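Before any comments, here is the structure.
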Protein chains: 2
Amino acid sequence: MAPSIKDVAERAGVSLGTVSNVLNRPDKVSEATREVVLAAIAELGFVRNSQAAQLRAGTSRSLGLIVLDLANPFFHDIARGIEDVATELGYALVLCNSDEQAAREDRYLQLLEEQRVRGMLITPVGPMSERLDALRRRGTPTVLVDRHDPRVDCCSVAVDDVAGGELAGEHLVGAGHRRIAYVTGPLSLRQCKDRLTGLRRAVAGLDVTIDVIEVPALKARHGYEAARELFDGGGRPTAVFCANDLLALGVLRAAVSTGRRVPEDIALLGYDDIEFAADAAVPLSSVRQPTLHIGRTAARLLVEECDHPESHSHQQIMFRPELVVRESTRVA
Amino acid sequence: MAPSIKDVAERAGVSLGTVSNVLNRPDKVSEATREVVLAAIAELGFVRNSQAAQLRAGTSRSLGLIVLDLANPFFHDIARGIEDVATELGYALVLCNSDEQAAREDRYLQLLEEQRVRGMLITPVGPMSERLDALRRRGTPTVLVDRHDPRVDCCSVAVDDVAGGELAGEHLVGAGHRRIAYVTGPLSLRQCKDRLTGLRRAVAGLDVTIDVIEVPALKARHGYEAARELFDGGGRPTAVFCANDLLALGVLRAAVSTGRRVPEDIALLGYDDIEFAADAAVPLSSVRQPTLHIGRTAARLLVEECDHPESHSHQQIMFRPELVVRESTRVA
DNA sequence: GGTACGTGATGAAACGTTTCAATCATCAGG
DNA sequence: CCTGATGATTGAAACGTTTCATCACGTACC
């Protein structure tokens, strides 16, 4: 159907190899024939079939990325960072959304391996699936994103969540708070647990009380409900630290709707610094993760391994988060 | 490097064609040999090379999707809808982000055509680029998403923005507002203009004043700034309708920070009904677009054209948006 | 005039599948 | 015992590239 190199060759009255040369090493072919061939290409509307090219080459120029949830600004920014670097270095990126479902992850891994992606970036749903391990063993370079598995020998890029919790704790303690609520998603999630660990470490030895409120998911609605309960209860913390910004936005809504002023009546600190944090009704203080940077670094590590497998040595990179102070924790 | 069907055949002691049959029509092969072959596949860790398969087949099972901005929840939900249907119908989806840059769009179109995607879903940056047109002419089925170009003969799925503006107008007028501000992005954007048209249509013949405030982009920050100015100025509208939710969130922040109550002092209505609308400090009324449905419909149209090109006839589908009323426009 | 060399162009092989006509084995019916 | 039919398996061709050894043709040099 679509015109092939052969059709172009016929039309231009040259051999098939010459057309290929025009496409891939134009300097190896004389000015005159090059023009003839290019004209034929234009006339026929020839578009090269990269499947055939890659089949012949035995390797592709595309990378696979599987994230947990593209709707999440955290992953979205990471994907953006990866995409930037990939394009810059001449790789195409195939974006996939596992939706935190192992079955979807599995299907995408299969699909990407069948497509012979050159390398893989992934935030695995579970610890390390059979298929992912097989993929690695078969020789597809792999980088773990937002994960760090000491048992697995490959590159990884993650963020130090303990340090993030510590930053939060120091900030709140420094602002004079002595009773702090930590609203968190399931503590079975490493992130949630690590941030709590950091928070506790920051207040260790000080006369500070921490109330842990665990909710079923990192969604605004749960933050709202947790806060309503908290406000009704007897504890009366003066600050709330949330395991992510969505929870914090929920808490903020609860505060506004019950007439509490933020930060005067209650201080509020989120995590992730999503775009909406700055634009919340009361701009939200938050712990920012260098998402774009994570993505760019992960992509660079992967491409390095793809392009120079022999000289490559695996690296586990851990970024430190950063505190962004806005209205919601400002002291008067 | 990676084991091929040939290696499997050797290992299993059968011919190459038989292995292919085991893979593609297992019923055509006897129980015994099938088992032998499957065992060989497992032992060798064989993964089929879909590039070769598609090359031979002359057509792939993947669809391309190019959107303006994946960070935008609107496009994100559409992509999700498309992905759902695509997977369900046995197609893989290649996600691309044009970032509203014609150059990026162009590059992705080229890439996807080289990969021989079976069909294309796209929200074009500009009117209709040379390359997109060429792609269509060469026979790649194409569906326009959130666009509707009467000059172009292909399927499209869009939303009626005039109707959306009308819904908004009727709602606000019905709530008794007689002076309404419309905070909008550049009116050169069709969406912004159409929504204004609808708004005007809703108040036509009534004693209602509309103040149009045009800002440079559909971002919360601009909504905030516009609102600060608006509050300082003399107009004093009782309601603000925003061309999207981000602007509305900005306006909400301005209101909260200047001590205005929503909706008592000023009513607020957004557009898109993004996830955060419901979780805003004051839950935001909004005009909802059936994004998931748009995506699903677009994908179904495309797959229909891909699978039955002869019986297919192009359709231009226009969805109607829907009003979601929350606190921000609730009348006491 | 012969040799060596450089520049362009050529043609065939190979990549890993799928498909399909051809072959082979088996068996039922006459 | 032969014929046909059925079912399983085979082998070769084809898809569209890239690569590489080969070849044709001048040109420069001795």
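None of these values were measured; they are calculated from a predicted model. Convention: sequence-line order gives letters A, B, ...; per-chain numbering from 1.
- B/Asn49 has its CG atom 18 Å from the P atom of C/dA14, to the nearest Å.
- Residue A/Ser20 has no polar side-chain atom (N or O) positioned under 4.0 Å from OP1 or OP2 of D/dT17.
- Taking only distance into account, the side chain of B/Arg56 never meets the base of C/dT17 through a donor-acceptor pair shorter than 3.5 Å.
- A/Gln289 and A/Asp77 form no side-chain donor-acceptor contact under 3.5 Å, judged by distance and modelled atom types alone.
- Between the CD atom of A/Gln115 and the P atom of C/dC15 there is a distance of 22 Å, given to the nearest Å.
- Distances shown here put a side-chain N or O of B/Arg48 below 4.0 Å from the OP1 or OP2 atom of C/dT18.
- Comparing B/Gly13 and B/Ala52, the nucleotide of DNA chain D nearest to each residue sits closer to the 5' end for B/Gly13.
- Counting to the nearest Å, the P atom of C/dA9 and the CD atom of A/Glu31 are 11 Å from each other.
- Heavy atoms only, all atoms of each residue included: B/Asn97 and B/Tyr108 are closest at O-CE1, 3.5 Å.
- The CG atom of B/Leu55 sits 13 Å away from the C1' atom of D/dT18 (whole-angstrom rounding).
- One atom, CZ of A/Arg34, and another, C1' of C/dA9, lie 14 Å apart when rounded to the nearest Å.
- Taking 4.0 angstrom as the limit, B/Arg116 places none of its side-chain polar atoms (N or O) nearer than this to OP1 or OP2 of D/dC15.
- In this structure, A/Gln54 places its CD atom 14 Å from C1' of C/dG16, rounding to the nearest Å.
- As rounded to whole Å, 8 Å separates atom C1' of C/dT18 from atom CD1 of B/Ile5.
- Ion pair A/Arg25/A/Asp27 not flagged as a salt bridge, since none of the NZ, NE, NH1 or NH2 atoms sits closer than 4.0 Å to an Asp/Glu carboxylate oxygen.
- Nearest nucleotide to the A/Leu16 side chain, out of C/dG16, C/dA12, C/dT10: C/dA12.
- One interatomic measurement links the two molecules: CD of B/Glu114 to P of D/dG16, which rounds to 15 Å at whole-angstrom precision.
- OP1 or OP2 of C/dA9 sits under 4.0 Å from a side-chain N or O of A/Ser30.
- Taking side-chain N and O atoms only, A/Thr18 has a distance below 4.0 Å to OP1 or OP2 of C/dT10.
- B/Arg131 and B/Glu113 are not joined by a salt bridge, as no carboxylate oxygen comes within less than 4.0 angstrom of a charged side-chain nitrogen.
- Side chain of A/Glu105 to backbone of A/Val125: a donor-acceptor contact under 3.5 angstrom is found.
- For A/Thr33 and C/dA9, the shortest distance from a side-chain N or O to OP1 or OP2 is below 4.0 Å.
- When the side-chain nitrogen and oxygen atoms of B/Asn24 are compared with OP1 and OP2 of C/dT18, one or more of them lie within a distance under 4.0 Å.
- At a threshold of 4.0 angstrom between heavy atoms, the contacts of A/Ala57 with the nucleic acid are absent.
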